[in-house]
Amino acid sequence: MRLATWNVNSIRSRVDRVEAWLQRSDVDVLALQETKCKDEQFPSDRFRALGYDVAHVGHSQWNGVALLSRVGLSDVQVGFPGMPSWSSKEGVEPAQEARALGATCGGVRVWSLYVPNGRTLTDPHLQYKLEWLEALRVHAGGWLTEDAEAQVALVGDWNIAPQDDDVWDISVFSSSTHVSEPERAAFRGVVEAGFTDVVRPYTPGPGVYTYWDYTQLRFPRREGMRIDFVLGSPALAQRVTAARIDREERKGKGASDHAPVVVDLADQLLCREPALEP
């Protein structure tokens, strides 16, 4: 099975590119983030015509996550228990944003995640981000406590560069979010709960990124950040046979500022020990 994640930065602006990429990439499951549309605006019919089942959650022109699968899509879940709410407007009650969508696809529990940005080190949005990640850590760790053999993939835009090599120049980010110790500790917390970055072994750095800002010629100057990840449960990590970042998809007119991240999974039967004779 081939699994991918991609922050598309507006699906309505990039549906043609996503559709073309699916046709040539042979991806079975694609998690999307930052779709920036309501559910009724998501181009589900375009993807269903390619053979994909579709799940999407979006409330406005911000955020939004989706799952496309041609290997089944069941038990769809919007958000996870304890997921914090947010409101930046005075007098408006906080509500859960469209940042997490889970479903079972081909026997794997896949979560498309769009972690809050954090904005600045002094913005309340950073505390919201840390609380959001802590709730995710608790919830995801609980799955593995209940079932150590669970096949789980936490994928998406984490808005964290967990290592110095994950940014083009750490000194430029010394007073910024994405690299602060609390954020990195929150990312480590999910890893320590039992999840592994299954892409890094196949795409070692430095200089390997998934995001390049549109401004200041960041992409041609190779000044990017690595903030999109696939974190796999132990049972899933054992099935990974290859992974790549499709940097080519960041090129050309109308590209997202993120590149797709792709993981290949072996048939899980190939990764199990042979049964012992009774």
Side-chain angles (χ1 to χ4, degrees), residues 4-10 30-36 56-60 62-67 77-88 94-102 109-121 123-141 143 152-163 166-167 173 176-200 209-211 213 224-233 245 256-261:
T5 180
W6 192 1
N7 178 322
V8 291
N9 192 8
S10 177
L30 174 61
L32 299 173
Q33 301 86 42
E34 209 171 354
T35 58
K36 293 184 175 180
H56 174 263
V57 58
H59 306 312
S60 66
W62 308 113
N63 310 317
V65 285
L67 287 167
Q77 182 178 345
V78 176
F80 49 83
M83 191 173 82
S85 299
W86 171 257
S87 174
S88 59
Q96 288 190 344
E97 297 182 301
R99 292 186 177 274
L101 183 67
R109 191 66 179 168
V110 182
W111 279 89
S112 180
L113 304 172
Y114 182 40
V115 176
N117 180 283
R119 299 178 181 169
T120 71
L121 296 179
D123 195 295
H125 204 259
L126 177 58
Q127 185 59 36
Y128 165 56
K129 178 180 188 175
L130 297 176
E131 292 172 357
W132 199 95
L133 287 162
E134 174 60 12
L136 175 64
R137 181 194 68 81
V138 170
H139 184 58
W143 289 332
V152 184
L154 306 177
V155 313
D157 179 357
W158 292 75
N159 270 315
I160 298 172
Q163 299 180 15
D166 294 331
V167 295
F173 297 88
S176 303
T177 57
H178 292 57
V179 301
S180 73
E181 180 50 32
E183 291 167 282
R184 287 180 167 183
F187 187 92
R188 288 196 302 271
V190 178
V191 172
E192 291 166 0
F195 292 86
T196 302
D197 176 357
V198 300
V199 179
R200 192 179 297 274
Y209 310 123
T210 64
Y211 164 84
D213 193 282
M225 303 176 72
R226 182 179 186 136
I227 57 176
D228 302 83
F229 297 93
V230 176
L231 299 189
S233 63
I245 298 166
S256 170
D257 45 4
H258 293 250
V261 179

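Only heavy atoms go into these numbers, but all of them, side chains included; no hydrogens, no water, no symmetry mates.
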J.: What is the minimum heavy-atom distance between P162 and R200, and which atoms define it?
T.: CG-NH2, 3.8 Å
J.: Would R226 pass as a cation-pi partner of Y209, given that its NZ or CZ must be under 6.0 Å from the six-membered ring centre and within 45 degrees of the axis?
T.: no
J.: What pair of heavy atoms forms the shortest contact from N9 to S256, and how long is it?
T.: CB-OG, 3.8 Å
J.: Report the distance from atom CH2 of W158 to atom CG of D197, rounding to the nearest 0.5 Å.
T.: 10.0 Å
J.: Indicate yes or no for a side-chain donor-acceptor contact from R109 to the backbone of A153 under 3.5 Å, with no hydrogens or angles considered.
T.: no
J.: Give me the atom names and distance for the closest heavy-atom approach of A135 to G82.
T.: CB-O, 3.4 Å
J.: On a heavy-atom basis, which atom in L121 and which in S180 lie closest, and how many Å separate them?
T.: CD2-CB, 3.8 Å
J.: Are V57 and H59 close enough, and set up right, to give a side-chain contact (heavy atoms from CB on, under 4.5 Å), and what steps lead you there?
T.: CA-CA 7 Å; V57 58; H59 306 312; 3.8 Å; yes
J.: Per the side-chain contact (heavy atoms from CB on, under 4.5 Å) rule, which among V65, V78, T35, L32 passes with H56?
T.: T35
J.: So, D123 and K129, do they make that salt bridge, N to O below 4.0 Å?
T.: no
J.: Apply side-chain contact (heavy atoms from CB on, under 4.5 Å) to residues V230 and V261 and explain how you reach the verdict.
T.: CA-CA 8 Å; V230 176; V261 179; 4.3 Å; yes
J.: May I ask you to check whether D228 and T210 show a side-chain donor-acceptor distance below 3.5 Å?
T.: yes
J.: Is there side-chain contact between N159 and E183, with heavy atoms separated by less than 4.5 Å?
T.: no
J.: Measuring from atom CH2 of W62 to atom CZ of R99, what distance do you get when rounded to the nearest 0.5 angstrom?
T.: 11.5 Å
J.: I160 and I227: side-chain contact (heavy atoms from CB on, under 4.5 Å), yes or no, with the steps?
T.: CA-CA 5 Å; I160 298 172; I227 57 176; 5.8 Å; no
J.: Is the shortest side-chain N to carboxylate O distance from E181 to R188 below 4.0 Å?
T.: yes
J.: For a 4.5 angstrom cut-off between non-hydrogen side-chain atoms, does V115 reach L133?
T.: yes
J.: In terms of side-chain geometry, is the basic nitrogen of R137 or E134 positioned less than 4.0 Å from the acidic oxygen of its partner?
T.: yes
J.: Measure the spacing between NE2 of H139 and CE of M83 and express it to the nearest 0.5 Å.
T.: 10.5 Å
J.: Shortest non-hydrogen contact from A98 to G58?
T.: CB-CA, 3.9 Å
J.: For W6 together with H258, are the ring centres under 6.0 Å from each other?
T.: no
J.: Where do L231 and V190 come nearest, in terms of heavy atoms and distance?
T.: CD1-CG1, 3.9 Å
J.: Evaluate the criterion side-chain contact (heavy atoms from CB on, under 4.5 Å) for residue pair R119 and Y128; output intermediate values, then yes/no.
T.: CA-CA 10 Å; R119 299 178 181 169; Y128 165 56; over 6 Å; no
J.: In Å and rounded to the nearest 0.5 Å, what is the CD to CG distance from Q77 to L67?
T.: 11.5 Å
J.: Got L113 and L154 here, is their nearest side-chain heavy-atom distance under 4.5 Å?
T.: yes
J.: Does the side chain of S10 come within less than 4.5 Å of E34's, by heavy atoms?
T.: no
J.: So which of N7, N63, D157, T5 actually passes side chain to side chain donor-acceptor pair (under 3.5 Å) with Q33?
T.: T5
J.: Please find out if less than 6.0 Å separates the ring center of F80 from that of W132.
T.: yes
J.: Using 0.5 Å steps for rounding, measure from the NE2 atom of H178 to the CG atom of N117.
T.: 4.5 Å
J.: Between S233 (side chain) and V152 (backbone), is there a donor-acceptor pair under 3.5 Å?
T.: yes
J.: Measuring from L30:CG to S112:OG, what's the distance to the nearest 0.5 Å?
T.: 8.0 Å
